[in-house]
Amino acid sequence: MSLTVVSWNVNSIRIRLNGLARMVAALDPDVICLQETKVADPLFPLDAVRETGFEHILTNGVKGYGGVAILSKLPFTWTGTRDWCDRIDARHAAARIDAGPKLGEIEVHSLYVPAGGDIPDPDENPKFAHKLAFLDELRDWSAGLRDPERRLLLAGDFNVAPLETDVWSHKQLVRVVTHTPLEVEKLNSIRDAGEWIDTLREFVPPSEHLYTWWSYRARDWQAANRGRRLDHIWASPALAPHLAGVEVLEIARGWERPSDHVPVALTLNR
DNA sequence: ATGGTAGACACTCTA
């Protein structure tokens, strides 16, 4: 018995319904955390998503940009959302599910960290300032969740590639937003504050390059392979004994009308 | 050094 949780920045759920069905066929997940659904809640394609096999749907979306959702085969026992930096911009949704007698109740968070714009200077670039403030708030929130008993997953597009091998060239990206030392430090402090396990790196050694995002702007994303690992699934220490494996569905980047992010999956023993 | 693409939405913003 196992439980598979996927995180995927779909870059519009309405455009990606075909891709969603293909991802479900490939990974057979039980729970899916989506980011960048780009749709206000009343317009979320509930029926089309239910047809892919996910009856239980939690959405937190606004018009035009951002937006997150959690899709589940198992019923929710609790749901919630949180706003950050005093803005209502739909970057978080959380749900608890009962994963049975061995695995117990799991709390899953779908998170979309602000991208941060282009200029890596908070004085010049308010988007970067917002991203840094968001990461600071996330650290304090994360510290408050810390509990050796709780089974938590924090999944999403964190918009930070922390390791040198999480980008195609550390040297060429060290001053590029998503890989600057300031952002990496802040992400590491969030991880430490919550004692989070970076599950992808539990199974793929840090010596190996690993990416989950390739820009739309490359002529040939595969040939250039200038990727970054922006999508993460973190687990609380209580889940450590249950970690069974991960998968990065890189092939999805080559599908028709792809998202620029690919799905990442974590499987837990239950 | 620069501009390249995608999606929402209705002009230009976000990524």
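Letters go in sequence order (proteins before strands), and every chain restarts at 1. Just so it is clear, the structure is predicted and the values come from calculations on it, not from any experiment. Only this structure's heavy atoms are used, side chains among them; waters, hydrogens and symmetry mates stay out.
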Expressed as a whole number of Å, how far does the [atom1] atom of [N] sit from that of [M]?
N      : M      : atom1 : answer
B/dA1  : B/dT12 : P     : 30 Å
B/dA10 : B/dT14 : P     : 14 Å
B/dG3  : B/dA15 : C1'   : 15 Å

Distance, rounded to the nearest Å, where [X] contributes [atom1] and [N] contributes [atom2]:
X      : N      : atom1 : atom2 : result
A/E256 : B/dG7  : CD    : P     : 11 Å
A/I119 : B/dT14 : CD1   : P     : 13 Å
A/F158 : B/dA15 : CZ    : P     : 17 Å
A/R226 : B/dG4  : CZ    : P     : 16 Å
A/R253 : B/dT5  : CZ    : P     : 13 Å
A/H261 : B/dG7  : NE2   : C1'   : 13 Å
A/F44  : B/dA8  : CZ    : P     : 13 Å
A/K127 : B/dT12 : NZ    : C1'   : 11 Å

Counting only side-chain nitrogens and oxygens, does A/K63 get under 4.0 Å of the OP1 or OP2 atom of B/dG7?
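For B/dG7, neither OP1 nor OP2 has a side-chain N or O of A/K63 closer than 4.0 Å.
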task = Using a cut-off of strictly less than 4.0 Å between a heavy atom of the residue and any atom of DNA chain B, enumerate the qualifying residues of residues 9-20 of chain A by number.
result =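 Here the set is A/N11, A/S12, A/R14, A/I15, A/R16.
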**Study point:** Which residue lies more 5' along DNA chain B, comparing A/V39 with A/R91 via nearest heavy atoms
**Key:**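 By nearest-heavy-atom nucleotide position, the 5'-most residue is A/V39.
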ask   = Starting at the 5' end of DNA chain B, which residue's closest nucleotide do you reach first, A/L43 or A/Y216?
value =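 The residue mapped nearer the 5' terminus is A/Y216.
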Q) For A/H170, which residues count as a ring pair (Phe, Tyr, Trp, His ring centres under 6.0 Å) partner, sequence neighbours excluded? A)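 Here the qualifying residues are A/H179.
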Practice prompt. Check ring pair (Phe, Tyr, Trp, His ring centres under 6.0 Å) between A/H130 and all other residues, then give those that pass, not counting sequence neighbours.
Written response: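 Counting only residues at least two positions away or on another chain, A/H130 forms no ring pair (Phe, Tyr, Trp, His ring centres under 6.0 Å).
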Requested in this report: Any chance you could pull the hydrophobic cluster mates of A/V6, using side-chain heavy atoms under 4.5 angstrom and chaining through other members?
Outcome: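 Cluster partners of A/V6: A/W8, A/V10, A/I13, A/L17, A/L20, A/M23, A/V24, A/L27, A/I32, A/L34, A/V39, A/L43, A/F44, A/L46, A/V49, A/F54, A/I57, A/L71, A/L249, A/I251, A/W255.
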_Pairing of A/D260 and A/R217 as salt bridge, 4.0 angstrom limit_ =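 No salt bridge links A/D260 with A/R217.
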Would you call the rings of A/W234 and A/W196 parallel, tilted or perpendicular, where under 30° means parallel and over 60° means perpendicular?
->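 It falls in the tilted class, 30° to 60°.
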**Asked** Taking only residues two or more places apart in sequence or in another chain, which ones pass side-chain hydrogen bond (donor to acceptor under 3.5 Å, both in side chains) with A/T59?
**Response**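 Counting only residues at least two positions away or on another chain, A/T59 forms a side-chain hydrogen bond (donor to acceptor under 3.5 Å, both in side chains) with A/D41.
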Among all residues two or more places apart in sequence or in another chain, which pass the side-chain hydrogen bond (donor to acceptor under 3.5 Å, both in side chains) test with A/E137?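 Testing A/E137 for side-chain hydrogen bond (donor to acceptor under 3.5 Å, both in side chains), a comparison that skips the adjacent residues, returns A/R82.
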Q: For A/R219, report the nucleic acid contact type (base, sugar-phosphate, nothing); a contact means any heavy atom under 4.0 Å.
A: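 Result for A/R219 = nothing.
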